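Note sheet for the following structure.
A quick note: this is a predicted structure, and the numbers were derived from the prediction, not measured. Letters A, B, ... mirror the listed sequences (proteins, then strands); counts begin at 1.
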Amino acid sequence: MALQSLDIAKRSATTTEPPQARKTLEVAKLIDVSKCIGCKACQVACMQWNDLRDEVGTCAGTYDNPRDMTDQSWTVMRYAEVETDRGLEWLIRKDGCMHCEDPGCLKACPAPGAIIKYTNGIVDFHQENCIGCGYCIAGCPFNVPRISKKDSKAYKCTLCSDRVAVGLEPACVKVCPTGCISFGSKADMQDLAEERVTELKERGFTNAGLYDPAGVGGTHVMYVLNHADQPTLYSGLPANPTIAPTVTLWKSIAKPLAMAGIAAAALGGLFHYVMKGPNEVSKEVEAEVEKELEAEK
Amino acid sequence: MIRDPNDLQRYTASERANHWVTGICFILLALSGLALFHPALFPLTMLFGGGVWTRILHPFVGVVMMLFFVVMFFRFQSLNRMTGTDWEWVKRAREMVNGDDHNMPIMGKYNGGQKLLFWFLGVAMVVLFASGIVIWRAYFSASFPIGVVRIGALLHAVFAALMIIAIIVHVYAAIWVRGTIRAMLYGTVTRAWAKQHHRAWYRQVTGK
Ligand code: HEM
Ligand code: SF4
Ligand code: SF4
């Protein structure tokens, strides 16, 4: 959705500066995993606010429902039963777009303006510019974007950019009954996380910490994890997410080199022709062939 | 149509048609692919009816090209085996590019450069087809692990660029060596052309 009231920090497949003269506050959502009871109110609020209705699926023996994110389910609760030194623990994580500071989806996208990063940090997909190639899926380190079967456009969590633009918090934040999800400036959310981490440490979670991975420049959705030393315990949250080296090689190195190579080949041909002249049949060979034909007659 | 009874037949009508279908597919693929390749070239999508159509059409054209390329490959592969003289030709190619072909070894129907291009295009088509399938989101990508899709995207971009460069060289060579393009247009070349550039082939077909 195009939001004229928000300024743009980065725009997919665009080589000039996007409009960004105005200053906006960098925002973040903080998900305190240790307070989550897995009620899925956030999932429901997301569906309601964004007019999404996923198909009714089947139960696979866990609370994960739906099993995975889809174009209709932009956030999904993931439930992991893990044995830690504290015994059996039920680790519940609200999965969805992390709104990376350095978004791999945006780096990979070939369609101008299909992916926008606002100056407030929110990464938004503008479906009207999306061509449905799925490169964003290859670019994302968190396996987030989903292509709709209905319209072949990519969808994901918008961090309720439409609500944030008019000064409201995201729908999931508003509805969470335990106060597990908070929203505010990124700096405030980091402070809040620090307080909570100290609290958790006092209560014996010695490895509690904030998940704001530096590999993607930090994120605008952050987690407080009670086992921050092992993010993968939380249904495979990547420990050191970065834009894959293959994607960087593809987009940042191969492309400019290839463009230069193609241009050099085309110009090289032109200048070779102009400077060396065409390769014509020599007069001697023409005369030889004439003689051979004469002799035949 | 007979233009000069002394001209030599280089390609049959069906070989020429095969080559042109492949060539047209290549141009469509290069333009539609480059449109998605670099933001500066995105306006090329307008040639195909916009970004979405470009994304939809490109892989289908790729499949058509692959089919016709395979036929062409097997038609020409036995004529493209590299020999010792071909390598000698390749070693001296710089002299010819600089405008002096007096010391070039005598060549058959194809010279060492043409043969190397042939084999490179064979490899490039296989890589482009395989990687193209892997990154074809609408039907196939979901069946491959994400790491494979990323490698596919990288290989597709790299080999597309290499192939485009190779084809620029191929087309330029045909323009530079005067009297060549007609071989692919109406199938014949002059005797003098054949004797100058492919003397062993000239001797073989004329018995001289
Ligand atoms: C052989 C069969 C081929 C298949 C199945 C294929 C398939 C694809 C697919 C699926 C894409 C992603 C965009 C889309 O979904 O349309 C793509 C992109 C592309 N293709 Fe192909 N392709 C083939 C051949 C070629 C050839 C011969 C060229 C070279 C002229 C080429 C050049 C490109 C380029 C430059 C891109 C953009 C790559 C990027 O953005 O990094 N393709 N191709
Ligand atoms: S599918 Fe993803 S990468 Fe492709 S145009 Fe849409 S948003 Fe961009
Ligand atoms: S999590 Fe994925 S989809 Fe979300 S901003 Fe980061 S790279 Fe893009």
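At a 4.5 Å heavy-atom cutoff, the contact between A/P141 and chain B is made by backbone atoms alone. In this structure, the portion of A/E296 lying under 4.5 Å from any heavy atom of chain B is its side chain and not its backbone. Only the side chain of A/I147 comes within contact range of chain B, with at least one heavy atom under 4.5 Å from a heavy atom of that chain. A/C109 does not touch chain B: none of its heavy atoms, backbone or side chain, sits under 4.5 Å away. With a threshold of 4.5 angstrom between heavy atoms, A/T14 approaches chain B through N, CA, C or O but not through any side-chain atom. In this structure, chain A has heavy atoms under 4.5 Å from both the backbone and the side chain of B/N98. For a residue to count as touching a neighbouring chain, one of its non-hydrogen atoms must lie under 4.5 Å from one of that chain's; by this rule A/L293 touches chain B with the side chain only.
The choice from B/T54, B/I151, B/I175, B/V97 that makes the most heavy-atom pairs within less than 4.5 Å of chain A is B/V97. Ranked by heavy-atom pairs shorter than 4.5 Å toward chain A, the options B/A153, B/G51, B/A157, B/A142 are led by B/A153. Chain B forms more heavy-atom pairs under 4.5 Å with one residue of A/A114, A/A264, A/A13 than with any other, namely A/A13. Considering only heavy-atom pairs separated by less than 4.5 Å from chain A, the leading option among B/H58, B/H38, B/H156 is B/H38. Ranked by non-hydrogen atom pairs under 4.5 Å with chain A, the options B/T180, B/V169, B/T206, B/I164 are led by B/I164. Your options are A/C130, A/G139, A/G268, A/S282, and the one with the most heavy-atom pairs under 4.5 Å with chain B is A/S282. Interface check for chain B: of the options A/A111, A/A265, A/G261, A/A138, the most heavy-atom pairs under 4.5 Å are formed by A/A138. With respect to chain A, the highest number of heavy-atom pairs below 4.5 Å among B/V158, B/V149, B/N6 belongs to B/N6.
Distance check, rounded to the nearest 0.5 Å: CG of B/L41 to CE of A/M259 gives 4.0 Å.
Side-chain atoms of B/R150 do not come within 3.5 Å of backbone N or O of A/T246 as any donor-acceptor pair. Under the 3.5 Å distance criterion, the side-chain polar atoms of A/K255 are matched with a main-chain donor or acceptor of B/F37. In terms of modelled atom types and a separation under 3.5 Å, the side chain of A/H272 and the main chain of B/Y172 share no donor-acceptor contact. Judged by distance alone, the side chain of B/W176 and the main-chain N or O of A/E280 form no donor-acceptor pair under 3.5 Å. Using a distance-only test at 3.5 Å, with no hydrogens or angles considered, no donor-acceptor pair links the side chain of B/Q196 to the main chain of A/V285. Distance alone, capped at 3.5 Å, places no donor-acceptor pair between the B/R178 side chain and the A/N279 backbone.
Side chains of B/R137 and A/C133 form no contact here, defined as non-hydrogen atoms less than 4.5 Å apart. In this structure, B/L34 and A/I262 have side chains that are in contact, with non-hydrogen atoms separated by less than 4.5 Å. Two residues are said to be in side-chain contact when any heavy atoms from C-beta on lie closer than 4.5 Å; B/V52 and A/K153 meet this criterion. The shortest side-chain heavy-atom distance between B/I146 and A/I137 falls under the 4.5 Å cut-off. In this structure, B/L36 and A/I131 have side chains that are in contact, with non-hydrogen atoms separated by less than 4.5 Å.
Between A/E292 and B/R191, none of the side-chain N atoms (NZ, or NE/NH1/NH2) sits under 4.0 Å from a carboxylate O, so this pair counts as no salt bridge.
For B/W20, the CH2 atom is loosely surrounded, since the number of other residues' heavy atoms within 6.0 Å does not exceed 12. Counted within 6.0 Å of CG on A/N240, heavy atoms from surrounding residues, nucleotides or ligands total 12 or fewer; the atom is thus considered open. Remark: A/F142 CZ is packed, more than 12 non-hydrogen atoms of other residues, nucleotides or ligands lying under 6.0 Å away. The local environment of CZ in B/R94 is sparse, with at most 12 non-hydrogen atoms from other residues, nucleotides or ligands closer than 6.0 Å.
The two atoms that bring A/T15 and B/P39 nearest to each other are CG2-CG, 4.1 Å, heavy atoms only. Of all heavy-atom pairs between A/A258 and B/A161, the closest is CB-CB, 3.4 Å. Listed here is the closest heavy atom pair of A/V289 and B/Y202: CG2-OH, 4.0 Å.
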Report task. Please lay out, stage by stage, how A/V281 and B/K195 fare under the test side chain to side chain contact (heavy atoms under 4.5 Å, CB included). Result -> CA-CA 9 Å; A/V281 177; B/K195 187 163 186 185; over 6 Å; no

